[in-house]
There are 2 protein chains.
Amino acid sequence: MTPLERFDEFLQARGKRITRQRRLIIQCVYARHDHFDAEQLLLELRAHVGSIQASRPTVYRTLNEMVDAGLLKKMVLDGRAVYEHDYGYPQHDHLYCSSCGKLIEFSSNEVGRIRDAVAREHQFRATGHRLIVTGTCSVCMSRRVQSRHQDRV
Amino acid sequence: MTPLERFDEFLQARGKRITRQRRLIIQCVYARHDHFDAEQLLLELRAHVGSIQASRPTVYRTLNEMVDAGLLKKMVLDGRAVYEHDYGYPQHDHLYCSSCGKLIEFSSNEVGRIRDAVAREHQFRATGHRLIVTGTCSVCMSRRVQSRHQDRV
DNA sequence: TTGTCTGCAAACACTTTGCACTTTT
DNA sequence: AAAAGTGCAAAGTGTTTGCAGACAA
């Protein structure tokens with residue numbers, strides 16, 4: 001089942017309608033495989049040629065629906081929601097560069113093991129987890145070294 | 001060094017002043033060892049007998065300072081900032097019950113190992129991490145079973 | 001006395017919502 | 001024709017900020 005098909009099914013199942021706006025949004029979301037926020041998506045929609053557009057509220061509404069439909073995963077970074085593809089995409093976690101905001105994906109099955117072990121220990125029914133390692137990415141590290149160089153000049 | 005001493009030092013070092021409000025806030029924060037948000041702290045401050053009070057902006061400002069001073073750790077849950085003691089408190093992660101909002105602490109040195117291994121792999125300089133396992137705590141689980149019981153009646 | 005701090009009210013960023021109108025079914 | 005969706009503007013939330021008066025050093 002493609003993401004679009006899955007979304008259609010999700011909508012149909014709840015008596016929701018397949019509108020031009022929702023189609024445009026899902027198409028735009030799946031045009032690239034990146035992390036993005038509502039504002040970025042809005043900009044990309046506006047860059048799209050074509051007669052249909054989608055307003056900010058519609059974008060927010062549709063993003064929430066896509067999360068509910070299991071198509072997107074949402075995480076909150078620095079006070080704003082960031083989305084990534086979820087459906088059919090393997091479980092993973094993130095390195096977050098607090099200097100440039102870049103998100104680097106990594107997967108470790110150990111994390112899942114720890115999660116389950118800890119949950120069992122606390123009679124806790126785990127439904128998901130989020131591991132974000134913050135720090136500085138290699139690009140920003142070298143940039144920082146360079147500017148330190150320049151400071152001395 | 002007690003938290004208070006450390007905060008005093010932090011303030012002095014930056015030419016900041018030790019005001020009644022800051023003293024009141026730090027005292028209130030260290031009265032209990034719990035997770036709390038700005039609004040809860042504000043309520044507790046108001047419950048405090050005494051002539052001095054602190055306004056909402058002052059509470060927010062002071063909480064940020066305490067984070068900078070390394071006394072508090074901040075995390076964001078459901079769109080609001082939640083704080084916990086950090087200074088002199090061992091590294092740990094959390095189980096978060098999405099039903100009642102309870103935070104359960106756990107510590108696993110494996111998480112740190114994974115973090116360092118992944119960081120090395122990506123030439124990433126890790127400064128911290130946050131692992132939150134979401135799900136349902138044991139109390140809410142049994143409550144749920146009970147209400148299912150009642151449904152049948 | 002000097003400069004920081006406070007409290008107020010207003011601004012803020014992000015997200016959600018009420019409502020009249022449009023569109024899908 | 002009925003019901004859901006859209007866009008607009010307005011309202012929400014949690015948090016931050018400009019500024020005049022209060023206070024610590």
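Values below: every heavy atom of this structure, side chains too, minus hydrogens, waters and symmetry copies. Note on naming: letters A, B, ... go to the chains in the order of the sequence lines (proteins, then strands), and numbering restarts at 1 for each one.
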Checklist entry - If only side-chain N and O atoms of Tyr60(A) are considered, is one of them under 4.0 Å from the OP1 or OP2 phosphate oxygen of dT15(C)? => result yes
[X] [atom1] - [N] [atom2] separation (whole Å):
X: Glu39(B); N: dG14(D); atom1: CD; atom2: C1'; answer: 9 Å
X: Asp8(B); N: dA25(D); atom1: CG; atom2: C1'; answer: 14 Å
X: Asp37(B); N: dT13(D); atom1: CG; atom2: P; answer: 14 Å
X: Ile26(B); N: dC5(C); atom1: CD1; atom2: P; answer: 15 Å
X: Arg23(B); N: dT6(C); atom1: CZ; atom2: P; answer: 11 Å
X: Leu45(B); N: dT6(C); atom1: CG; atom2: C1'; answer: 14 Å
X: Ile52(A); N: dT23(C); atom1: CD1; atom2: P; answer: 12 Å
X: Leu63(A); N: dT17(C); atom1: CG; atom2: P; answer: 15 Å

Checklist entry - Is it true that Arg113(A) and Glu110(A) have a side-chain N and a carboxylate O under 4.0 angstrom from each other? => result yes
Item to check | Side-chain touch Cys137(A)/Cys100(A), heavy atoms, less than 4.5 angstrom | outcome: yes
Next on the checklist: Could you check whether any side-chain heavy atom of Val133(B) comes within less than 4.5 Å of a side-chain heavy atom of His94(B), counting everything from C-beta outward?
Outcome noted: no
Next on the checklist: Students often get this wrong, so: under 4.0 angstrom with heavy atoms, is Asn64(A) touching a base, only sugar-phosphate, or nothing?
Outcome noted: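 The residue Asn64(A) makes sugar-phosphate contact but no base contact.
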Next on the checklist: Between Arg6(A) (side chain only) and Leu71(A) (backbone N and O only), is there a donor and an acceptor less than 3.5 Å apart?
Outcome noted: no
Checklist entry - How about Tyr89(A) and His92(A): are their ring centres within less than 6.0 Å of each other? => result yes
Checklist entry - Do Tyr30(B) and His85(B) have their ring centres less than 6.0 Å from each other? => result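 Centroid distance Tyr30(B)-His85(B): below 6.0 Å, so yes.
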Next on the checklist: Looking only at side-chain N and O atoms, does Tyr83(A) offer a donor or acceptor that is under 3.5 Å from a partner on Gln40(A)?
Outcome noted: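 Side chains of Gln40(A) and Tyr83(A): no pair found under 3.5 Å.
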Checklist entry - Do Glu65(B) and Tyr60(B) get their side chains close enough for a donor-acceptor pair, meaning under 3.5 Å? => result no
Item to check | DNA chain D-proximal residues of residues 69-83 of chain B, any heavy atom under 4.0 Å | outcome: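 Gly79(B), Arg80(B), Ala81(B) - these, ordered by number, are the residues of the stretch whose heavy atoms sit under 4.0 Å from the strand.
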Checklist entry - If you look only at pairs with a residue in residues 69-95 of chain B, which of them pass as a salt bridge (Lys or Arg N to Asp or Glu O under 4.0 Å), with sequence neighbours excluded? => result Asp37(B)-Arg80(B)
Polar-atom pairs under 3.5 Å, protein N or O versus N or O of nucleotides 4-7 of chain D: list them with distances, or write none.
residue, atom, partner, partner atom, Å
dA4(D), O4', Arg17(A), NE, 3.4
dA4(D), O4', Arg17(A), NH1, 3.3
dG5(D), OP1, Arg17(A), N, 3.4
dG5(D), OP1, Arg22(A), NH2, 2.3
dT6(D), OP1, Thr19(A), OG1, 2.9
dT6(D), O3', Gln21(A), NE2, 2.9
dG7(D), OP1, Gln53(A), O, 3.1
dG7(D), OP2, Ser55(A), N, 2.9
dG7(D), OP2, Ser55(A), OG, 2.7
dG7(D), OP2, Thr58(A), OG1, 2.6
dG7(D), N7, Arg61(A), NH2, 2.9

